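A short worksheet on the structure shown next.
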Amino acid sequence: MLDPRLYREDIDRIRQGLERRGAKVDLDTMVNLDIEKRKINVRLDQLKSERNAATEKIAQMKRSGQDAQEHIEKTRALGDEIKVQQDKFNDLEGRFQAMALLVPNLPQASVPDGRTSADNVVRRESGRKYEGPKPKHHLDFSRELGLHDFERGAKIAGSGFPIYVGLGARLERALINFFLDEHITHNGFTEIQPPVLVNQAAMIGTGQLPKFAEDMYTIGDDGLYLVPTAEVPLTNMHSNEVLDAASLPIAYAAYTTCFRREAGSWGKETRGFQRLHQFDKVEMVQFTEPSKSEEAHQKLVGYAEGLLQKLDLHYRVLELCTGDMGFGAAKCYDLEVFAPAEERWLEVSSVSNFEDFQARRANIRTKLEGKTQFVHTLNGSGLATPRVLVALLERNQTAEGGFRIPEVLQPYMGGLKEIPPKKK
RNA sequence: GGAGAUGUGGCAGAGUGGUCUAUUGCGUCUGAUUCGAAAUCAGAAGUCCGCGAAAGCGGUCCGGGGGUUCGACUCCCUCCAUCUCCGCCA
């Protein structure tokens, strides 16, 4: 959520920011609602002030044993009027809030202008390029080695719910553990294991709701949602809190399963692991002082990159353009790995600085120099496993048809160096 | 899941319809005293919203929401959380 003061003090800043994003918001209506609302508020406060005086008068009379009936009759009308004005105010306030929750964040000045992913800027490309014969597609390769079972997953849940089998399951677990261990032993994160069901307030807090309701799985009877990312529970852990400034920055890392309906986003480029309803991800979340978020953002990107380097993958870092950034982001970097069979770059991480956008929604503050103010929140995948797996499967095929396990994962695979080809 | 109880400021803990501007204690901050500290004494302090150039003024907040009333911390409804007992269960 944007600072509500901006709507009356610097509407041009909002207008320009949204324009750069290509976002359409009926700002005129919002400005008018705000003006109307404040007008009613002034009237309401006056009325309440009068009522306070009147009831005090009645109290005094009662105390001294006088008959206050006449005053009570008169004050009744005041109460009725307050009710009318209060309803009006609540209606205006509700309408303004409902609209405010749908306004995306304003991009930082440094964000490149653009409309689509084609306008994103490649900041750097790194890692060893794949060289050798064109490898097998990861789905065919996985099937040969018996690592995953999409068909049976579809049978019990639907398409987009793969089953990890045998060494495929162990490889998944290895990736998760490797990611987490890196964060908690080298990058200074506290490991968290949060609930994967959250309430509506949490989903609003990080910005998934109300705009993206159709992307979420719901548990209707209980009013709960399956988390689309650990960002939701981790960030909302501190909702409605004033964080001790000395405790900042707070850095959490968590592995959770992530659930996404991915409504309407299926197509030929989403085969196999590239788009799933259920997948595994390790997420990094940070809370910082406002002045420190930019620095923290760069570091988060570095942590995610470090994992790709250790896995010996070929990757690049994109600076997202204004039109391609997520709803709540003020600035965002994507990390993509190259899949040599598909000959495509695949997004494995998105690292965003939300500034105070989420902190306002979730009401997360700190006290700095005597002033209570909103913190900045950031998060980034570190990493999501499925597309990392795609790149690994396509890159690490041996001449004999086996899978070469990256060195850093070998300790997590019981020392195994290779998943051998299945015997005929 | 059933029965009962509780929810008040940073913490503890009073308050059962109007002297609540929320008693009191602890803690915090600022002074005084001291070489400095402790102790003691005096004083101060919260949130959010609005109006205002400012000083300041008004409103709001006792778990959340709603209701009754001229007036609600107090009465009613509802939701949430915690505790105790019972039941069930990895």
Side-chain angles (χ1 to χ4, degrees), chain A residues 1-11 30-101 193-205 209-210 218-225 233 236-248 257 356 358-375:
Chain A
M1 204 153 60
L2 305 180
D3 183 348
R5 270 182 261 267
L6 282 180
Y7 290 95
R8 50 181 179 268
E9 288 172 7
D10 200 356
I11 189 70
M30 292 188 72
V31 168
N32 284 332
L33 280 172
D34 183 54
I35 291 170
E36 264 320 286
K37 184 185 81 177
R38 278 181 296 143
K39 228 185 270 175
I40 301 285
N41 189 40
V42 170
R43 172 101 182 99
L44 195 54
D45 281 0
Q46 271 172 6
L47 288 168
K48 282 180 176 172
S49 179
E50 283 173 35
R51 183 178 66 184
N52 286 346
T55 58
E56 178 55 25
K57 173 92 174 159
I58 292 166
Q60 273 175 20
M61 292 174 78
K62 287 245 180 182
R63 255 180 267 132
S64 61
Q66 300 175 59
D67 178 20
Q69 201 51 42
E70 196 185 321
H71 276 280
I72 290 175
E73 302 290 344
K74 272 202 275 185
T75 310
R76 190 167 295 151
L78 201 52
D80 293 343
E81 179 64 9
I82 286 174
K83 202 175 167 60
V84 169
Q85 297 299 325
Q86 184 73 58
D87 286 349
K88 238 189 245 181
F89 178 84
N90 290 347
D91 175 56
L92 292 166
E93 171 74 4
R95 279 157 64 192
F96 181 85
Q97 280 300 324
M99 291 184 80
L101 285 174
Q193 200 174 105
V196 295
L197 297 185
V198 297
N199 60 29
Q200 189 186 41
M203 289 295 253
I204 291 173
L209 290 179
T218 57
I219 310 291
D221 288 347
D222 300 288
L224 296 172
Y225 298 79
N236 285 286
M237 272 172 66
H238 291 297
S239 65
N240 297 310
E241 288 185 27
V242 179
L243 302 172
D244 182 1
S247 71
L248 299 177
T257 308
D356 64 6
Q358 294 180 324
R360 279 181 194 282
R361 290 173 159 248
N363 190 27
I364 307 168
R365 295 174 296 168
T366 189
K367 202 161 190 173
L368 289 173
E369 287 149 19
K371 264 181 62 185
T372 306
Q373 51 192 283
F374 292 106
V375 298

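What you see is a predicted model; the values in this text were computed from it and never measured. Chain naming here is simple, since letters A, B, ... match the order of the sequence lines and numbering starts at 1 in each.
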B/G67 and B/U60, which share atom name P, separated by this distance in whole Å: 16 Å
Separation of A/D222 atom CG from B/A81 atom P, in whole Å? 11 Å
With A/R43, which residues qualify under side-chain contact (heavy atoms from CB on, under 4.5 Å), at least two apart? A/Q46, A/L47, A/E81, A/Q85
Any A/R63 side-chain nitrogen or oxygen under 4.0 Å from OP1 or OP2 of B/G18: no
Are the side chains of A/N236 and A/V198 in touch, meaning some heavy atoms are under 4.5 Å apart? no
With rounding to whole Å, what would you report as the distance between B/A14 and B/U74 at their C1' atoms? 13 Å
Is a donor on one side and an acceptor on the other found under 3.5 Å between the side chain of A/S64 and the backbone of A/Q60? yes
Flag side-chain contact, heavy atom, 4.5 Å: A/N199 against A/L224: yes
Is a salt bridge present between A/R95 and A/D91, judged by a nitrogen-to-oxygen distance below 4.0 Å? yes
Using the P atom as the reference point in each nucleotide, state the distance between B/A55 and B/G71 in Å, no decimals. 34 Å
What integer distance in Å separates A/E241:CD from B/U47:P? 17 Å
Suppose you measure atom C1' in B/A39 against the same atom in B/U84; what distance do you get, rounded to whole Å? 43 Å
With a 4.5 Å cut-off on side-chain heavy atoms, are A/L44 and A/K48 touching? yes
Whole-Å distance, A/R43 CZ to B/C51 P, equals 16 Å
Take the protein atom CD of A/Q60 and the nucleotide atom P of B/C70, then report the distance between them rounded to whole Å. 19 Å
Spacing of A/Q97 atom CD relative to B/C49 atom P, expressed in whole Å: 11 Å
Could you give the distance separating B/G15 and B/U23 at their P atoms, to the nearest angstrom? 14 Å
To the nearest angstrom, the CD1-P distance between A/I204 and B/G64 comes to 18 Å
When the P atoms of B/G31 and B/A37 are compared, how many Å lie between them, rounded to an integer? 11 Å
Spacing between A/E93 atom CD and B/G65 atom P, to the nearest angstrom: 13 Å
Please list residues of residues 80-89 of chain A whose heavy atoms come under 4.0 Å from any atom in RNA chain B, ordered by number; otherwise none. A/K83
RNA chain B in dot-bracket form (Watson-Crick or G-U pairs under 3.5 Å, [ ] crossing, | inter-strand) is ((((((((.[[[..)..(.....]]].(((((.......))))).(.((((....)))).).[[[[[..)....]]]]])))))))....
Give the table of side-chain donor-acceptor pairs shorter than 3.5 Å for residues 1-8 of chain A, with sequence neighbours excluded, one pair per line with atom names and distance.
unit_1	atom_1	unit_2	atom_2	d
A/D3	OD1	A/R5	N	3.0
A/R8	NH1	A/D34	OD1	3.1
A/R8	NH1	A/D34	OD2	3.1

Distance col, row A/L209:CG vs A/M203:CE, nearest 0.5 angstrom, shows 5.0 Å
For A/T55, which contact category applies under a 4.0 Å heavy-atom criterion: base, sugar-phosphate, or nothing? base
Non-hydrogen atoms of A/P233 and A/P194 that approach each other most closely: CB-CB, 3.6 Å
Counterpart residues, side-chain contact (heavy atoms from CB on, under 4.5 Å), relative to A/Q69 (two or more places apart): A/D67, A/I72, A/E73
Round to a whole Å and report the spacing from CD of A/E70 to P of B/C70. 16 Å
Proximity to the side chain of A/T372 - top-ranked nucleotide from B/C51, B/C48, B/C70: B/C48
If we take the P atom in both B/C86 and B/A22, what is their distance in whole Å? 43 Å
For A/E56 and A/N52, run side-chain hydrogen bond (donor to acceptor under 3.5 Å, both in side chains): C-alpha distance rounded to whole Å, both residues' side-chain angles, the deciding distance at 0.1 Å, then the answer. CA-CA 6 Å; A/E56 178 55 25; A/N52 286 346; over 6 Å; no
Summary of protein contacts for nucleotides 53-62 of chain B, nucleotide by nucleotide, where a base hit scores B, a sugar-phosphate-only hit scores S (4.0 Å, heavy atoms): -----BSS--
Hey, does A/R365 reach any base, or is it just sugar-phosphate, or nothing, if we go heavy atoms under 4.0 Å? sugar-phosphate
Nearest-Å distance once atom C1' is located in both B/G66 and B/C11: 31 Å
Taking the nucleotide of RNA chain B with the closest heavy atom to each, which residue, A/E73 or A/V42, is nearer the 5' end? A/V42
In Å and rounded to the nearest 0.5 Å, what is the CD1 to CD distance from A/I82 to A/E50? 8.0 Å
I want to check something: taking the side chain as every heavy atom from C-beta on, are A/T55 and A/R51 in contact at a cut-off of under 4.5 Å? yes
